[in-house]
Amino acid sequence: MNAHLSRHRFANATLEDLLSALDAASPRDVRGWAQVWLRQSGHDTIRVSRVGDVPVLTRDGVRPHRFTVTAYSTSLEPVGSRLVDLADEPLQLPEWAGLVVVPNSGGETFARIELDALSYNSITHALTALPDPLTRAVLWATALDRVPPAAHLELLTRQLPLESSPTLVTAALDRTRNDLVRRVLPPSQVAAALETVAAACTLPSDTDEQRAVALARGLAWATSDATLLRRWLDADATDRGLALDPQLRWAVVHRLAELGGLEAPEIETERLRDGTAEGDLGAVTALAARPTAEAKSAAWAAMTEDPNVSVHRFRALAAGLWSLSQRELVAPYIAAYVAVAPTLARRGSAFAAAVGRAFPAFPLTVEELELVSEALRADLPAVLRRHWEDELDDRGHPPR
């Protein structure tokens, strides 16, 4: 890096220039690495399988991978680790026969991980017993990736209350909200899933403050207990005495409004109480989240009819409009969103990104997804096209 920066000081450099510097310093095939890692699309998968009791690592994809593999007993006691290279040829690990095997335990490479049944079952029953938070981060992502909804929620119920890292609590809840509840579950299962999430976020009495905040935020967006949320709001604290910071308080206001527990005058009181730009946006979201046709109509008009609506205000309105528990109420706006989004996105790249992120935040029917697929056949702003293609892919309905 020093050679590269010195050679091109006060000037521009290309990727080829960077590769030349790396190639001069490394004994490895830097240009071959760049060809498959930087110039080809797609996503690799690293799999663990078994030949008898012997773990075998294989790769689906085109990229060479170098990562740490760690072996554990079935009770997740560490046995050993080693750095491996994995490319086209399978890699057997006979010294770890009968053991749990976790590839990429240090998070060194970028790939999906698929565990064998022995490793998966052991991990999902005792994930939080692993002492290394980086390994737990890899395994939380692995265990929640493309599993059936019942398995996802079961893992959350069993392990989230035991997870000591606030960062991993937040990551697991975000994954549940954005991937499972928003994109996978049929509408009839959303309410039950939210109650499962809320139960997993019940605050233990001995938790540390940052972990308590993470769990409280999860409970705030998932619970249907308006009495609980009103009690928190009135006390400006949770039942365990955790003070509501502004972000948590607005999460409570948002969900309480969504449940029909706050009207416009009380939301305005909250806005004035906050007195910041963030508070103004929080109030916009809460007003849009109210479960009435009038609230949804007003939010939609503010999003689409005001030529001067800002990016931040547009996003705040969309966050309230697409409420998980109000699908039937806002269903008529799905087709309207698909129809008007291309025009809105032509206001500029930043606004196009906001329009793309304003995609309906709940599972869509096949017919609704087809509306988006059909719209993608037309001439769309590139930023909006990318967001919509990603959404369809994440929902298992890639555009044709």
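Excluded from the calculations below are hydrogen atoms, water molecules and symmetry mates; all remaining heavy atoms, backbone and side chain alike, are included.
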* Asked: What residues form a ring-ring contact (aromatic ring centres under 6.0 Å, His included) with F67, not counting sequence neighbours?
  -> none

Contacts under 3.5 angstrom, residues 342-360 side chains, donor-acceptor by atom type, not counting sequence neighbours:
unit_1: R346; atom_1: NH1; unit_2: P342; atom_2: O; d: 3.1
unit_1: R346; atom_1: NH2; unit_2: D379; atom_2: O; d: 2.8

* Residues in side-chain contact (heavy atoms from CB on, under 4.5 Å) contact with A172, at least two apart in sequence or another chain -> W140, L144, L156, L160

* Asked: With H65, which residues qualify under ring-ring contact (aromatic ring centres under 6.0 Å, His included), at least two apart?
  -> W37

* Provide the full list of side chain to side chain donor-acceptor pair (under 3.5 Å) pairs with a residue in residues 303-316, sequence neighbours left out, each pair given once. => none

* **Test ring-ring contact (aromatic ring centres under 6.0 Å, His included) applied to W300 - qualifying residues, sequence neighbours left out** => Y333

* **Partners passing side-chain contact (heavy atoms from CB on, under 4.5 Å) against S73 (at least two apart in sequence or in another chain)** => S75, E77

* Asked: Which residue pairs pass the ring pair (Phe, Tyr, Trp, His ring centres under 6.0 Å) test when at least one of the two sits in residues 85-116, sequence neighbours left out?
  -> H43-F110

* **side-chain hydrogen bond (donor to acceptor under 3.5 Å, both in side chains) involving W33 - partner list, sequence neighbours excluded** => none

* Residues two or more places apart in sequence or in another chain: which of them pass ring-ring contact (aromatic ring centres under 6.0 Å, His included) with H125? -> none

* Structure fact -> Sorted by chain and number, sequence neighbours left out, side-chain contact (heavy atoms from CB on, under 4.5 Å) with P90 holds for V56, T58

* **Partners meeting side-chain contact (heavy atoms from CB on, under 4.5 Å) with T45 (sequence neighbours left out)** => R47, D60, R112, E114

